[in-house]
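What follows is a short report on a single structure.
Just so it is clear: chains get the letters A, B, ... in the order the sequence lines come, proteins before strands, and each one is counted from 1.
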Number of protein chains: 2
Amino acid sequence: MTTIREVAKLAGYSPATVSRAINHSGYVSAKAAAKIQAVIAQLDYVPNDIARDLSQGRTANVGVVVPHLNHPYFTQVFNGILTAAFAADYNVVLLQSKYDADLERGYLEQLHRKAFDALIFTSRAIPLSELAAARKYGPIICCEDPGDYPLAAAYSQRATAYQAAFHWIQAQGYRHIGLTFSRSDKLSATTRLTLATYATTFGHAPAADLVALGVTTFADGYQAAQTWTTQASQPDFIFSNGDDIAAGIRQFYVDHQLTVPPLMGQENQLSGRLLGLPTIDHHFQQVGAAAFHLAASRQVAHVPVAAELILR
Amino acid sequence: MTTIREVAKLAGYSPATVSRAINHSGYVSAKAAAKIQAVIAQLDYVPNDIARDLSQGRTANVGVVVPHLNHPYFTQVFNGILTAAFAADYNVVLLQSKYDADLERGYLEQLHRKAFDALIFTSRAIPLSELAAARKYGPIICCEDPGDYPLAAAYSQRATAYQAAFHWIQAQGYRHIGLTFSRSDKLSATTRLTLATYATTFGHAPAADLVALGVTTFADGYQAAQTWTTQASQPDFIFSNGDDIAAGIRQFYVDHQLTVPPLMGQENQLSGRLLGLPTIDHHFQQVGAAAFHLAASRQVAHVPVAAELILR
DNA sequence: ATACCGTATGGAACGCGTTCCATAGCAAGC
DNA sequence: GCTTGCTATGGAACGCGTTCCATACGGTAT
């Protein structure tokens, strides 16, 4: 490894001057700059980022915690972060969490250790209180409304889109709405919000036997539809948590020569377009971009992003 | 920031002893270890990764160059890398290249600067010769067969799957095969390989007016089908470069009440399953895992991964 | 008693770029 | 002629964990 001191010696200047020349900071004569430049080219020297990071006390890395990349929410938010980070000369470290709280704590510790300058949680298993407590280790951004917790946040304003969706469904005259959700263990914030919005619109909670939990894939949707068709009470409309899932639901009806009930998906995916399903686009890419900007600016602000109802 | 020297002072030992205690290396008495442990807990001390990286001359980061994440090839390879890296306690830095050679050169420079320990190219715009030349800056892994270039590589053995696919198509009696490819600018390695395999199987190159270039999305597929239907020579079978694209092709025929020709996709995606299309699964996840292991082990080997023809 | 070894610990240098502070030449201003 | 103020440059310390090497003590082998 060639170092700045070697460059300095060969150029006949001090490391300090070489450093200034490289970073165009402070005073360097044209003659010195030229000589140093020549030596740098000759030795193929580039400064060592680790040393630079150490002396500057920062890496240009943001960590992004993602449970997995199999869901459009994550790929879209992540993409937004990536694009914004790239534009700001940051690198993005992708941290898989698998919804495991201990893994997430590990990433908080990496933040503490200065492995990255900021940490963005696209989702989380650990409580917000722990995230808030870890803020002393560096900027932490979450992608949901953190309520009163002193956390920076960028998130899709799903509530308004859900409202619009449910109003539209209601206006069409449907009353027995099948619902699918991804998390099965406990009710996630998204699930709770959907249910609350549903209750507000329809005046009552959905029928328990029309709610399917733990549904994340095409196959899960297929399975959910199967469950529904084997019971007395059946949905006359299905509001699912993804276009791919809606496609799975539809497939079950098709495969069994049953009338497919009207469906609404989410995420504005290819499968939804393919099947002409109405959907909700939560604009997760914008959420990601906003999250990055919060990370880089170290602001502790809330950035809600409007979601969009797409009818077809 | 609390440092190891503070811990040392408070514990009544030297930084060297504290370092040994933390890393369980060298000799530390039980008494010293206990005392140091207590002080670490009291101060909430964790070592600074940047300093550790500097003194050890490595980060535990691998950079992964990806043009974008909109294509299953990249998401799958990337996922394989991510999973393997996680298991080995490495972090993955995602580097967007947009098929831009200068961006890729920038990432090579980052490797030179020691921003990561190794660099994996899932695809590339710069010539292999440049990659090979940059090996002096650190391990570089490509995800294609590098031929005689001294580069580590993990890649899907597409040729055998293409052969199987074309033989199957031929055995079915089809002779006018429509083909779609993603890159339009110049013929990529994949495109060339597909065409070569085609020629070997059928004994001649595909008809020029049945080859569509620059096709990467559902909409592009739709467009390609449109072009074909407006010309004299029409395909009796379509071999496309993705299930999503095949879906787009099909959609055009459906929308225009035309008979949909039999289709084959690639990537084993949801849309293909949805439509019951035969497809090729290139096992890109395994490619990613293999690429990571090459990166971590610094071996300069070739790891071909068998692709699989899925008929439905 | 002497040599030798394992255990324990600390001092200091190292990795490498950055930056604060001091020194010095030189020109413009009074 | 002297002060003021740039322009230039270098020495040295800093950031912080690691590691080499030296020192020292208690015990065992001879």
Side-chain angles (χ1 to χ4, degrees), chain A residues 1-37 39-40 43-61 89 109-117 137-138, chain B residues 1-37 39-40 43-61 89 109-117 137-138:
Chain A
M1 278 297 299
T2 70
T3 71
I4 200 169
R5 280 168 235 271
E6 291 175 50
V7 173
K9 191 182 297 180
L10 218 73
Y13 290 91
S14 71
T17 301
V18 175
S19 176
R20 265 178 263 125
I22 290 170
N23 299 300
H24 306 289
S25 64
Y27 293 109
V28 178
S29 66
K31 182 175 150 233
K35 178 64 185 166
I36 288 167
Q37 192 47 55
V39 172
I40 284 176
L43 296 184
D44 191 21
Y45 167 79
V46 290
N48 181 312
D49 269 349
I50 309 176
R52 179 174 275 183
D53 287 347
L54 178 62
S55 88
Q56 298 187 156
R58 43 128 257 170
T59 60
N61 290 162
D89 269 320
E109 185 178 317
Q110 285 199 48
L111 178 67
H112 190 177
R113 288 165 172 265
K114 303 274 173 206
F116 2 86
D117 293 350
Y137 302 142
Chain B
M1 280 299 297
T2 71
T3 70
I4 201 170
R5 282 167 232 271
E6 290 174 51
V7 173
K9 192 181 294 178
L10 218 72
Y13 289 92
S14 72
T17 302
V18 175
S19 177
R20 264 179 264 125
I22 290 171
N23 298 301
H24 306 289
S25 63
Y27 292 112
V28 179
S29 65
K31 182 174 150 232
K35 177 64 185 169
I36 287 167
Q37 193 45 58
V39 172
I40 284 175
L43 296 183
D44 191 19
Y45 168 79
V46 289
N48 182 311
D49 270 350
I50 309 176
R52 179 173 277 183
D53 287 347
L54 177 62
S55 86
Q56 300 188 156
R58 42 127 257 170
T59 59
N61 290 163
D89 269 321
E109 184 176 319
Q110 284 198 48
L111 178 66
H112 191 177
R113 289 165 170 265
K114 303 276 170 205
F116 1 87
D117 293 350
Y137 303 142

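We find that OH of Tyr13(B) is positioned 5 Å from P of dT9(C), with the value rounded to whole Å. When the P atom of dC16(D) is taken as reference, atom CD of Gln56(A) falls 13 Å away, rounded to whole Å. Rounded to whole Å, the distance from NE2 on His112(A) to P on dC16(D) is 12 Å. Atom CG of Asp53(A) is separated from atom C1' of dT19(C) by 16 Å (rounded to the nearest Å). The CZ atom of Arg5(A) sits 10 Å away from the P atom of dC14(C) (whole-angstrom rounding). At whole-Å resolution of the value, CD1 in Ile22(A) and P in dT9(D) are 15 Å apart. As a whole-Å value, the separation of Asn23(B) CG from dC16(D) P is 17 Å. Atom OH in Tyr45(A) sits about 14 Å away from atom P in dG15(C), given to the nearest Å.
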Worksheet item: Should Ile22(B) and Tyr45(B) be marked as a side-chain contact (heavy atoms from CB on, under 4.5 Å) after you check the CA-CA gap, both sets of side-chain angles, and the distance that decides it?
Response: CA-CA 11 Å; Ile22(B) 290 171; Tyr45(B) 168 79; 3.6 Å; yes
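Here the straight-line distance linking atom CG of Asn48(A) with atom CG of Leu54(A) works out to 10.0 Å at 0.5 Å rounding. With values rounded to the nearest 0.5 angstrom, His112(A) atom NE2 is found 6.0 Å from Thr2(B) atom OG1. To the nearest 0.5 angstrom, Lys9(B) atom NZ is 10.5 Å from Arg5(B) atom CZ.
Side-chain N/O atoms of Tyr27(A) include none lying less than 4.0 angstrom from OP1 or OP2 on dA8(D). Between Thr17(A) and the phosphate of dT9(D), there is no side-chain N or O to OP1/OP2 separation shorter than 4.0 Å.
The residue Ala8(A) sits apart from the nucleic acid: no heavy atom pair falls under 4.0 Å. Val18(B) comes within 4.0 angstrom of no nucleic acid atom, judged by non-hydrogen atoms across all strands. Within the 4.0 angstrom heavy-atom criterion, base atoms lie near Ser19(B).
Out of dG15(C), dT7(D), dG10(C), the shortest distance to the side chain of Leu54(B) is found at dG15(C).
Counting distance only, with no hydrogens placed and no angle test, the side-chain atoms of Arg20(A) and the base atoms of dG10(D) include a donor-acceptor pair under 3.5 Å.
Asn61(B) has its side chain within reach of Asn61(A): a pair of non-hydrogen atoms, C-beta onward, lies under 4.5 Å apart.
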